[in-house]
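Each remark here refers to the structure printed beneath this line.
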Amino acid sequence: MRYLPLAFDVKDCPCLIVGGGAIATRKARLLNKAGARLLVVAPEITDELARLVTTSGGQHFREVYRPEFLQQAQLVVAATADSEVNRAVSTDAQAQRLPVNVVDSPELCTFTFPAIVERGPLSIGISSGGAAPVLARQIRAQLEALLAPGIASLAELAARMRDQVKASLPEASRKDFWQWVFSGPVADKVEAGNVVDGENEFLAALQQWQGSPAPSGEVYLVGGGPGDPDLLTFRALRLMQQADVVLYDRLVSPGVLDLVRRDAERIYVGKKKEFHSVPQEGINQLLVDLAAQGKKVLRLKGGDPFIFGRGGEEIDKLAAAGIPFQVVPGITAASGCASYAGIPLTHRDHAQSVRFITGHVKQGELDLPWNELASPGQTLVFYMGLTGLQTICRQLEEHGLPADTPAALVEKGTTSEQRVVVGDLRSLPQLAVTEAVEAPALTIIGGVVSLHDKLRWYHPK
């Protein structure tokens with residue numbers, strides 16, 4: 001790390017800008033926003049820069065640069081098109097121990113302007129020390145997307161309430177209280193625009209913390225998507241970073257799990273054929289027990305928790321126990337895997353509807369409405385259908401679907417290990433054996449599968 005990240009208080013501070021063009025104007029905007037008094041040295045300046053100088057209470061010197069101008073400054077920016085002038089400004093400023101920035105010349109700088117993410121009083125600076133400013137801006141864009149728009153209101157609420165919290169709670173309790181505020185119902189309400197409700201919740205909780213233990217924990221039921229971490233929602237990422245403990249299943253990819261808060265306790269509760277790490281009833285109770293201890297519990301599921309994920313059973317138990325919870329949908333396997341396989345689930349020429357079906361065989365049987373499923377003009381997507389694939393294909397044929405109806409298996413869809421095996425109702429069961437297809441694998445049946453070769457775009461390494 002060459003540059004130490006610092007935050008300058010430049011309110012009412014005289015800041016000298018040498019230069020009057022577009023780049024000087026960009027720097028002036030930032031300094032003006034922070035309350036600096038702008039002193040500009042340049043024969044000509046832009047109209048916007050002139051307005052910024054006026055509103056800041058500063059002054060425009062219509063002259064060429066001379067070292068004497070530094071006597072009035074506490075911070076210096078050189079932003080001219082003349083490299084020799086810029087170098088002279090840097091040399092003179094450093095001789096007087098003034099912090100100086102020379103635009104696009106990091107070797108002449110004693111400080112640099114970071115890429116800034118701003119949410120009210122909250123600001124984040126990303127700096128590459130001038131080595132890769134475009135990369136810093138890209139990272140800023142990623143952070144902009146991750147931060148909820150209403151987080152500025154949350155920071156402003158914290159500023160208003162800081163002294164009251166300090167007066168109400170002992171030092172040992174304050175950190176835990178603020179963590180609860182920023183990750184619980186107060187934050188949810190304020191970030192959603194309900195500032196008054198959030199403030200009322202804040203005050204009620206503060207009173208409760210004064211005379212009793214901390215409020216109970218909460219459960220986040222989060223869909224982790226089909227495997228590619230880039231398919232997570234922003235809300236899922238935020239909650240994954242807040243959890244004290246995470247319960248995750250077999251279908252959560254390693255890349256998704258890596259995004260969970262590093263110091264969170266991790267409990268594997270996955271299921272696979274004929275083996276349940278923890279029975280479903282045990283998972284339900286564990287969620288209740290952990291939340292009752294005051295913990296923020298992340299229940300992380302592959303795909304979407306409400307599509308063959310038994311999420312409804314889990315929150316039913318939480319609701320009965322009076323445990324607060326949130327549900328964050330995820331991209332379900334049908335949508336994610338089909339997209340990455342180049343198979344549109346609906347298409348005007350092939351399918352006007354799509355059906356999601358569990359292909360899980362229970363006690364050797366697969367009892368499904370085969371007459372309805374064998375109807376033309378629809379796409380069938382079978383989850384957990386690898387074991388019962390032969391039965392599925394045979395039953396659909398027997399109930400009227402042509403044997404040459406296109407069908408595909410998408411193994412480990414959206415991940416770097418994705419494979420797509422394409423055949424038809426007649427050939428797919430044998431292809432699954434020949435190609436040694438393994439779970440998790442999704443079965444897609446219908447005319448849309450014929451588009452795979454033409455529309456495939458994802459080529460895993």
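These numbers were taken from a predicted model, which means no experiment stands behind them.
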query = Do NZ/NE/NH1/NH2 and the carboxylate oxygens of Arg235 and Asp188 come within less than 4.0 Å?
reply = yes
message = Centre-to-centre under 6.0 Å for Tyr220 and Phe325, is that the case here?
response = no
note = Between the CD atom in Gln142 and the CD1 atom in Ile139, the distance rounded to the nearest 0.5 Å is 6.5 Å
Inter-residue atom distance Leu147.CG - Ile124.CD1, 0.5 Å rounding = 5.0 Å
inquiry  = Is there a side-chain contact between Phe111 and Leu6 in this structure, where contact means two heavy atoms from C-beta onward sitting under 4.5 Å apart?
reply    = no
query = Taking all atoms of both residues into account, what is the closest heavy-atom pair of Cys337 and Gly413, and its distance?
reply = SG-CA, 3.6 Å
query = Take atom CD in Glu398; do more than 12 heavy atoms of anything else shown fall under 6.0 Å from it?
reply = yes
remark   = Of Val449, Leu345, Ile445, Ile343, the one forming a side-chain contact (heavy atoms from CB on, under 4.5 Å) with Thr379 is Leu345
query = Can you tell which of Arg266, Glu265, Arg299 makes a side-chain contact (heavy atoms from CB on, under 4.5 Å) with Leu247?
reply = Arg299
ask   = When you measure from the side chain of Thr332 to the backbone N and O of Ser335, does any donor-acceptor pair fall under 3.5 Å?
value = no
ask   = Between Asp424 and Ser427, does any side-chain donor sit less than 3.5 Å from a side-chain acceptor?
value = yes
task = Verify the neighbour count for atom CZ of Arg29: are there more than 12 heavy atoms of other residues, nucleotides or ligands below 6.0 Å?
result = yes
task = Using atom types as modelled and distance alone, determine if a side-chain donor or acceptor of Thr415 lies under 3.5 Å from a backbone N or O of Lys412.
result = yes
task = May I have the step-by-step check of side chain to side chain contact (heavy atoms under 4.5 Å, CB included) for Ile392 and Leu428, ending in yes or no?
result = CA-CA 10 Å; Ile392 291 169; Leu428 196 63; over 6 Å; no
task = Taking the side chain as every heavy atom from C-beta outward, state whether Arg456 and Val420 have any atom pair closer than 4.5 Å.
result = no
ask   = Donor-acceptor pair, Arg137 side chain versus Ala115 backbone, under 3.5 Å?
value = no
task = Answer whether the closest heavy-atom distance between the side chains of Leu232 and Met240 falls below 4.5 Å.
result = yes
query = Does Gln241 use its side chain to pair, donor to acceptor, with the backbone of Leu259 at less than 3.5 Å?
reply = yes
message = Checking Glu144 against Arg119 for the salt bridge (charged side-chain N to carboxylate O under 4.0 Å, His left out) test, could you report, in this order, the C-alpha distance in whole Å, the side-chain angles of both residues, the deciding distance, and whether it holds?
response = CA-CA 9 Å; Glu144 290 275 15; Arg119 294 289 189 275; 2.7 Å; yes
message = Restricting to non-hydrogen atoms, name the atom on Cys109 and the atom on Asn101 that form the minimum distance, rounded to 0.1 Å.
response = SG-ND2, 3.7 Å
Which residues share a ring-ring contact (aromatic ring centres under 6.0 Å, His included) with Phe234, sequence neighbours left out = none
remark   = side chain to side chain donor-acceptor pair (under 3.5 Å) pairs touching residues 341-359, sequence neighbours excluded, are Arg355-Glu372
task = Considering non-hydrogen atoms only, spot the tightest contact between Ser127 and Thr112 and give its length.
result = OG-OG1, 3.4 Å
Non-hydrogen side-chain atoms of Val256 and Tyr248 separated by less than 4.5 Å = no
inquiry  = I need the Phe382 CZ to Cys393 SG distance, nearest 0.5 Å.
reply    = 8.0 Å
ask   = Does the side chain of Ile283 reach to within under 4.5 Å of the side chain of Asp249, using non-hydrogen atoms?
value = no
inquiry  = side chain to side chain donor-acceptor pair (under 3.5 Å), that's the test. Do Glu314 and Gln280 meet it? Break it down for me.
reply    = CA-CA 8 Å; Glu314 294 175 359; Gln280 185 62 51; 3.0 Å; yes
request  = Indicate the atoms forming the closest heavy-atom contact of Leu386 with Ala432, along with that distance.
outcome  = CD1-CB, 4.4 Å
inquiry  = Using the ring-ring contact (aromatic ring centres under 6.0 Å, His included) criterion, which residues pair with Phe306? Sequence neighbours excluded.
reply    = none
message = Check this for me: Asp104, atom CG, are more than 12 non-hydrogen atoms of other residues, nucleotides or ligands nearer than 6.0 Å?
response = no
query = Is the side chain of Ser450 donor-acceptor paired with the backbone N or O of Gly447 at a distance under 3.5 Å, no angle test?
reply = yes
Validation row: Val278, Leu286 side chains within 4.5 angstrom (heavy atoms) = no
note = Note: Ala441 and Glu438 closest approach over all heavy atoms is CB-O, 3.7 Å
key: Spacing of Thr443 atom OG1 and Leu389 atom CG [to the nearest 0.5 Å]   = 5.0 Å
ask   = When rounded to the nearest 0.5 angstrom, what distance separates CG in Leu298 from CD in Gln242?
value = 10.0 Å
message = Closer than 3.5 angstrom, by distance alone: can the side chain of Ser128 be matched with the main-chain N or O of Ala136 as a donor-acceptor pair?
response = no
request  = Scan Lys295, Gln326, Lys296 and name whichever one has a side-chain hydrogen bond (donor to acceptor under 3.5 Å, both in side chains) with Glu218.
outcome  = Gln326
With Ser416 via side-chain contact (heavy atoms from CB on, under 4.5 Å) - residues at least two apart = none
query = Taking the side chain from Lys301 and the backbone from Gly309, do they hold a donor-acceptor pair closer than 3.5 Å?
reply = yes
request  = Kindly indicate, with the supporting measurements, whether the criterion side chain to side chain contact (heavy atoms under 4.5 Å, CB included) is fulfilled by Ile17 and Leu31.
outcome  = CA-CA 10 Å; Ile17 299 175; Leu31 292 168; 4.0 Å; yes
ask   = Looking at residues at least two apart in the chain, or sitting in another chain, which of them share a ring-ring contact (aromatic ring centres under 6.0 Å, His included) with Phe202?
value = Phe177, Trp178
key: Any Thr405 side-chain heavy atom under 4.5 Å of Leu396 side chain   = no
inquiry  = List the residues meeting side-chain hydrogen bond (donor to acceptor under 3.5 Å, both in side chains) with Asn32, not counting sequence neighbours, and say none if there are none.
reply    = none
request  = Go through the steps to decide whether Glu411 and Val421 satisfy the test side chain to side chain contact (heavy atoms under 4.5 Å, CB included), and finish with yes or no.
outcome  = CA-CA 8 Å; Glu411 176 187 0; Val421 177; 5.9 Å; no
request  = Kindly check if the number of other-residue, nucleotide or ligand heavy atoms within 6.0 Å of CZ (Arg160) is above 12?
outcome  = yes
key: Heavy-atom neighbours of Gln390 CD exceed 12 at 6.0 Å   = no
Intermediate values then yes/no, side chain to side chain contact (heavy atoms under 4.5 Å, CB included), Tyr340 and Val410 = CA-CA 9 Å; Tyr340 274 54; Val410 184; over 6 Å; no
request  = Output yes when a side-chain donor or acceptor of Trp457 lies under 3.5 Å from a complementary backbone atom of Ser339, and no otherwise.
outcome  = yes
request  = Report yes if some heavy atom in the side chain of Trp180 is under 4.5 Å from a heavy atom in the side chain of Val186; otherwise report no.
outcome  = yes
query = Are more than 12 heavy atoms from other residues, nucleotides or ligands located less than 6.0 Å from atom CG of Asp258?
reply = yes
message = Tell me the closest heavy-atom pair linking Pro226 and Ile331, and the distance in Å.
response = CD-O, 3.2 Å
key: Rounded distance [0.5 Å steps], CG in Leu373 versus NE2 in His399   = 9.5 Å
